[in-house]
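Some notes on the structure that comes next.
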Protein chains: 2
Amino acid sequence: MVKKTLKQRIVDASVELFQQDGYHNVTVDRIVEYIGASKGGFYHNFKSKDELLYEIHDVFISYVIQQSQAAYDKFDTPITRLCAMLQTLTQVFDMYQAHITIFYEESRSLSDEYSDIIHKKRDHYRDILQRVIAEGQEAKVFRTELPCTIVTMAIVGMINWTYKWFKQSGPLTMEQITDVFTDMVLRAIVTEQAMGEAKQFIIKG
Amino acid sequence: MVKKTLKQRIVDASVELFQQDGYHNVTVDRIVEYIGASKGGFYHNFKSKDELLYEIHDVFISYVIQQSQAAYDKFDTPITRLCAMLQTLTQVFDMYQAHITIFYEESRSLSDEYSDIIHKKRDHYRDILQRVIAEGQEAKVFRTELPCTIVTMAIVGMINWTYKWFKQSGPLTMEQITDVFTDMVLRAIVTEQAMGEAKQFIIKG
DNA sequence: TTTTACAAACCGACTAGTCGGTATTTCACT
DNA sequence: AGTGAAATACCGACTAGTCGGTTTGTAAAA
């Protein structure tokens, strides 16, 4: 697959440009000029600039959902599932930082027809994580005194926020950061009696 | 102060409209129409739409910095300082949710002259928190095996992300959420030997 | 009289989307 | 395989509309 389709080149260029300057500050003219194409070519592949934005959103969130579900299916205890999901998510966030930036900063620019679909998928992603937390609480592996919705959003926030500050050129790799996050989350929510199982994921002092 | 100045009315309306629809989707015409004023009045009070956006940013971040610093000054141990800052921050985030949405989603729309100032202040806010973490590590109250920069960003992410999902009409108040966050953070980072001092902030199971 | 505070019409730059056209590929039929 | 027609992919000048900002006007305050 040496030859990239024009459509793919448009998407790739847009992801880059949208991340840098934001959806509204990037014109269709600029996108096509950037890849040496034309407006005709653009509107042959997309019915609108909106549709392009939607496609970028969808590719990303669908991938996140699929990966999260795979991490869930691969293991069978709350702690291992949670760790796998944390690892998977940060990995995705490492690779798709540009997509995430667009996903979380430009979703308001989606027209109504698209935003419903995207919002549903976003909720689905959260639900997968929340299910792990809830199941862990039922099994008394995670502390039941913490509301599982808040715990879920605390974790989601911690991870999602990385797109704002993580630099691949920074002093720590995403793997190292993941280890710290995993440590913090497990310490925060695992019960005393289940801490034995979690010990292997805790950083030694 | 029954009479609000036009300037204040413009700011208030803009905060509301920007949060709802985003900076680029709200025209100056719409702002002035919303409050029953004119474009002349707008440009009498602001030299540009950019300046208005800047002012909204600045009011908010300056307040956050001031409140964070006050929380720091009010106490004299890492744990109490951290708890006070968590409480202060979530309180601010409860009150200024619209400002925060704008602050974190529209800062890219700031022109260069303004964005430098805002970015510096944003870093300053983070530094105040990071200092508490670092001081806690020096005092062996917080675990030194966790890099303080990552811990800081994990906390910042957890708190900041609330602006995406917290609803004042939701089942939990911001105070209750703060208690959960505080519990999780302390459990995650306080050392075994200092846990005694932190116990009062931990939710009992 | 000058300044302040706002109103309302207006302008110029910019941009999403269109449309008529051309190059390239696909494919049915010899 | 070779051919030609139809479908597909792409081009680029043009348009209609939008929006930030300006200019001119005006009434009250200082």
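Hydrogens, waters and symmetry mates are skipped; everything else that's a heavy atom, side chains included, is used. Sequence lines set the chain letters: A, B, ... in the order given, protein chains first and strands last, and positions in each chain run from 1.
- Protein atom CD of A:Gln8 is 13 Å distant from nucleotide atom P of D:dC10, rounded to whole Å.
- Nucleic acid contact class of B:Lys49 (heavy atoms, under 4.0 Å, all strands): sugar-phosphate only.
- Summarising the geometry, atom OG1 belonging to B:Thr27 is positioned 10.5 Å from atom CG belonging to B:Asp21; distances are rounded to the nearest 0.5 Å.
- In this structure a side-chain-to-backbone donor-acceptor pair under 3.5 Å is missing from A:Gln137 to A:Pro147.
- B:Tyr23 carries B:Lys49 over the face of its six-membered ring, with the cationic atom under 6.0 Å from the centre and within 45° of the normal.
- The side chain of B:Ser48 approaches D:dG21 more closely than any other nucleotide in the set D:dG21, C:dC6, C:dG17.
- The CD atom of A:Gln69 sits 7.0 Å away from the CZ atom of A:Arg131 when rounded to the nearest 0.5 Å.
- C:dA8 atom P lies 17 Å from atom CZ of B:Phe42, rounded to whole Å.
- OP1 or OP2 of C:dA5 has not a single side-chain nitrogen or oxygen of B:Asn45 nearer than 4.0 Å.
- Between atom CZ of residue A:Arg187 and atom CD1 of residue A:Ile202 there is a gap of 5.5 Å, rounded to the nearest 0.5 Å.
- Closest to the side chain of A:Ser38, from the set C:dC6, D:dG12, D:dG20, is D:dG12.
- No donor-acceptor contact under 3.5 angstrom links the side chains of B:Asp50 and B:Tyr114, judged on distance only.
- Ring-plane geometry between B:Phe42 and B:Phe46 is classed as tilted, the angle between the planes lying from 30 to 60 degrees on a 0 to 90 degree scale.
- Residue A:Phe46 contributes atom CZ, which lies 15 Å from atom P of C:dT18 at whole-angstrom precision.
- To the nearest angstrom, C1' of C:dG17 lies 5 Å from OH of A:Tyr43.
- If you take NE2 of A:His44 and P of D:dT8, they are 9 Å apart, rounded to a whole angstrom.
- DNA chain D is contacted by no residue of residues 50-59 of chain A, taking any non-hydrogen atom closer than 4.0 Å.
- By the 6.0 Å contact criterion, CD on A:Gln176 is enclosed, its count of non-hydrogen atoms from other residues, nucleotides or ligands being greater than 12.
- At a cut-off of 3.5 angstrom, the base of C:dA16 holds at least one donor-acceptor pair with the side chain of A:Lys39.
- Regarding A:Lys47, its NZ atom lies at a distance of 15 Å from the C1' atom of C:dA16, rounded to whole Å.
- A heavy atom lying under 4.0 Å from DNA chain D marks the following residues of residues 15-37 of chain A, by number: A:Ala37.
- Note that CG of A:Leu17 and CG of A:Asn25 are 11.0 Å apart. Values are rounded to the nearest 0.5 Å.
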